[in-house]
Amino acid sequence: MRRLVQLATTGLLLVASTMAMAELKVSEAKLRLLPGNLPAAGYFTLTNTGNQPVVLTGAQSPAFAQVMMHRSSLENGMASMQHVAQVEVAAGATLKFAPGGYHLMLMQRQRELALGDQVEANLLFTDGQSLPVTFIAVPPGAD
Ligand SMILES: [Cu+2]
């Protein structure tokens with residue numbers, strides 16, 4: 001009897017974690033390509049439709065050796081860029097990675113990339129979940 005209860009509890013936990021994964025949505029994932037082996041910039045919109053906050057810690061992509069999370073800012077008229085270790089997205093909130101603010105900086109291409117290519121990546125979170133995203137390669141001036 002005790003064993004049955006344990007199995008039922010484990011089952012519920014599995015269902016709960018599967019549901020948690022479905023509560024993050026990414027849209028408008030674009031990768032701005034620069035010429036040669038310059039870093040590419042990754043932009044996207046992340047929505048947390050769940051009822052728990054999530055904390056984004058970065059991303060990984062097989063197409064790049066290193067992916068960093070940065071935030072651009074303007075201080076006293078000077079543009080600068082800081083490394084960001086993590087960003088919290090509150091329940092129900094939408095976080096935008098966009099020009100002039102948060103962006104992914106993707107370095108050291110592992111393969112040739114052309115405009116229009118689809119580039120797979122995973123967004124990583126502190127709770128261990130990993131959200132697959134397909135970025136579309138766009139030219140430098142594109143939104
Ligand atoms: Cu940057």
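In each ligand, atom 1 is the first atom listed, and ligand 1 is the first ligand listed.
Sorted by first and then second residue, the side-chain hydrogen bond (donor to acceptor under 3.5 Å, both in side chains) pairs involving residues 87-96 (not counting sequence neighbours) are T47-T94.
Contacts of F125 classified as ring-ring contact (aromatic ring centres under 6.0 Å, His included), with partners at least two apart in sequence or in another chain: none.
Annotation: the span from F44 atom CZ to H103 atom NE2 amounts to 11.5 Å, rounded to 0.5 Å.
Members clustered with L34: L38, by chain and number, using a 4.5 Å side-chain heavy-atom cutoff among hydrophobic residues.
Side-chain contact between F135 and L104: present, with at least one pair of heavy atoms (C-beta onward) separated by less than 4.5 Å. Looking at heavy atoms from C-beta onward, P99 lies in side-chain contact with R32 at the 4.5 angstrom threshold.
Excluding waters, the protein N/O/S atoms found under 2.8 Å from the Cu ion (ligand 1) are H70 ND1, M81 SD, H103 NE2, M105 SD.
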